[in-house]
Novice: 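Mind looking over this structure? Questions follow.
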Amino acid sequence: MSTENLNVFEQVQVQIKEACDLLGLDNSYYEILKTPQRAMEVSIPVRMDDGSVKTFSGYRSQHNTANGPAKGGIRFHQDVTFDEVKTLSMWMTFKCAVIGLPYGGGKGGITVDPTKLSMGEKERLARGFVRKLGDFIGPEIDIPAPDVNTNPQIMAWMVDEYNAMRGYNNPGVITGKPVLIGGSLGRTEATGRGVVITTREACAALKIDLKGAKVAVHGYGNVGSFAGLYLHEMGSKVVAAFDLGGGAYHPDGMDATVLQDYVTKHRTVAGFPGSKTITADELFALDVDILVLAALENTITMENQHLVKAKVVAEGANGPVTTEAGKKMFERGIAILPDILANAGGVTVSYFEWVQNLQNYYWPLDEVNAKLERNMVNAFANVWKMANDKRVDMRTAAYLVGIRRVADAMKLYGWV
Ligand code: GLU
């Protein structure tokens, strides 16, 4: 059956069903996992700078809490839908389980183009969302974090609003906060760092030398730029980068440290001195060793998967390769590091942040990074072993590892 024309929500259901069947779980597990435990849709009226009131739609979904409170980011994007948020919350359940974090899966989003809002409007929107979420979130219930187009400042406003509702400080309600108010050192760069740790492990397993390896990065935001930077530091060559503003290509590799400064200043990689322009399709078709996909869902589909020549594809974003395109690429010998493994560094350091908040004791950066390294290396080893034992691709293997953990917890609780 082709899953290509299914929406992302239906696609993830197919993935879950396949994994449940491969694990030999009876249908009751799938019956529970196929849909979120609870999900909420709210309307958020915001006073705009011109005095008018505009209402935005917001969503929060808690997929499964067998392993702990729901955990996952909040995104601001014009294409956010309730189905997308539900799907993303399902991926979070399995992502947390693959890493072995004591969390279930959650996700939130607001349908808004944040580039059209002033700072003040953004702040009122963020606060309005938290007021509407009320008792739906909390350090023991559901812990939001940054995601696409949200950042530590937005998290700070959200925590402040939550604190005002409760009447006391609750740093553990949201992670990805600025360090000064309870954020963890290393959180901002954690997702990119995790992408590179798993990529390094995959390259070692596949006998690909990272030194001199050619890298292309699609989506040069928070995740993509740190992935590019760390790969550059490990001796790889970042030959191409692409973001909403356009692309930059240099066959000998670009200095990712200089590139990051350029992006901070110009808000795009396009026009990076010495580089040529490149389109997204041209970037996918480059003869590189590593392709990092760090933009949004459905970047690589059955339409364009044939372009990809990379040996390793790391999913820095959530769902950048469709299930079917991924299977086709696996048949072509391409190793895809699936999102629920490759980009789990962010939620892992979110977990460290939450632990630090709950115990009010803060760790130095080297401790955070050492713990992240250990978690990611272990998770990769588990997924790699599962892939070899069951002779499946790494995405299927990651689902098997993740669903097994959730299924075991559900069984112990007597849900099934
Ligand atoms: N938004 C990130 C993700 O998709 C991080 C979530 C978190 O830190 O809770 O994994």
Side-chain angles (χ1 to χ4, degrees), residues 8 12 59-65 67-77 80 84-110 133 137-139 141-152 154-155 158-159 171-178 182-195 197-198 219 221-224 226-227 293-297 314-320 337-357 368 371-372 375-376 379 398 402:
V8 277
V12 71
Y59 312 95
R60 184 81 192 165
S61 166
Q62 296 159 4
H63 171 240
N64 185 287
T65 53
N67 276 329
K71 184 84 191 81
I74 292 175
R75 63 175 56 181
F76 285 4
H77 196 276
V80 162
E84 183 199 30
V85 168
K86 287 180 186 171
T87 306
L88 289 159
S89 74
M90 292 157 107
W91 282 331
M92 287 308 299
T93 300
F94 305 122
K95 187 186 299 187
C96 293
V98 166
I99 303 291
L101 306 177
Y103 284 142
K107 198 72 154 205
I110 300 177
L133 287 181
I137 58 169
I141 304 168
D142 178 3
I143 306 125
D147 198 80
V148 175
N149 292 331
T150 51
N151 57 28
I154 293 175
M155 299 304 113
M158 288 182 169
V159 177
V173 65
I174 285 175
T175 59
K177 301 176 292 293
S184 177
L185 293 170
R187 173 64 186 86
T188 302
E189 58 274 35
T191 311
R193 187 175 280 279
V195 168
I197 295 170
T198 48
N222 173 270
V223 179
F226 279 110
L293 297 173
L296 283 170
E297 296 97 88
E315 292 190 322
N318 291 311
L337 276 163
D339 45 10
I340 60 171
L341 169 67
N343 72 31
V347 71
T348 302
V349 177
S350 271
Y351 165 60
F352 299 158
E353 178 173 332
W354 180 75
V355 169
Q356 292 171 81
N357 294 150
V368 172
K371 287 188 160 84
L372 173 64
N375 276 270
M376 299 300 294

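Remember, it's 1-based here, ligands and their atoms both numbered in the order they're listed.
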Novice: Does Asp339 come within less than 4.0 Å of Lys95, counting only side-chain N to carboxylate O?
Specialist: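 Answer for the salt bridge query: no.
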Novice: Note down each nitrogen or oxygen pair, ligand 1 side and protein side, whose separation is under 3.5 Å; give only atom names and the distance to 0.1 Å.
Specialist:
{"residue": "ligand 1", "atom": "1 (N)", "partner": "Pro146", "partner atom": "O", "Å": "2.9"}
{"residue": "ligand 1", "atom": "1 (N)", "partner": "Asp147", "partner atom": "OD1", "Å": "2.7"}
{"residue": "ligand 1", "atom": "4 (O)", "partner": "Lys95", "partner atom": "NZ", "Å": "3.1"}
{"residue": "ligand 1", "atom": "4 (O)", "partner": "Lys107", "partner atom": "NZ", "Å": "2.9"}
{"residue": "ligand 1", "atom": "4 (O)", "partner": "Asp147", "partner atom": "OD1", "Å": "3.4"}
{"residue": "ligand 1", "atom": "4 (O)", "partner": "Asn318", "partner atom": "ND2", "Å": "3.1"}
{"residue": "ligand 1", "atom": "8 (O)", "partner": "Arg187", "partner atom": "NH2", "Å": "3.0"}
{"residue": "ligand 1", "atom": "8 (O)", "partner": "Ser350", "partner atom": "OG", "Å": "2.5"}
{"residue": "ligand 1", "atom": "9 (O)", "partner": "Lys71", "partner atom": "NZ", "Å": "2.7"}
{"residue": "ligand 1", "atom": "10 (O)", "partner": "Lys95", "partner atom": "NZ", "Å": "2.7"}

Novice: Going by distance alone, is a donor N or O of one side chain under 3.5 Å from an acceptor N or O of the other, for Lys71 and Thr175?
Specialist: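 Yes, side-chain donor-acceptor contact under 3.5 Å.
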Novice: Would a distance-only check, ignoring hydrogens and angles, find a side-chain to backbone donor-acceptor pair under 3.5 Å from Asn343 to Gly194?
Specialist: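 Pair absent, no side-chain N/O of Asn343 close to backbone of Gly194.
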Novice: Only counting residues at least two apart or in another chain, list the ones meeting side chain to side chain contact (heavy atoms under 4.5 Å, CB included) with Ala227.
Specialist: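 Applying side chain to side chain contact (heavy atoms under 4.5 Å, CB included) to Ala227 gives Val195, Val196, Val292.
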Novice: Measuring from Lys177:NZ to Asn151:CG, what's the distance to the nearest 0.5 Å?
Specialist: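 The CG atom of Asn151 is 14.0 Å from NZ of Lys177, to the nearest 0.5 Å.
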Novice: Could Lys107 and Glu84 be called an ion pair, given the rule that one side-chain N must be under 4.0 Å from one carboxylate O?
Specialist: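 Looking at Lys107 and Glu84, the cut-off is not met.
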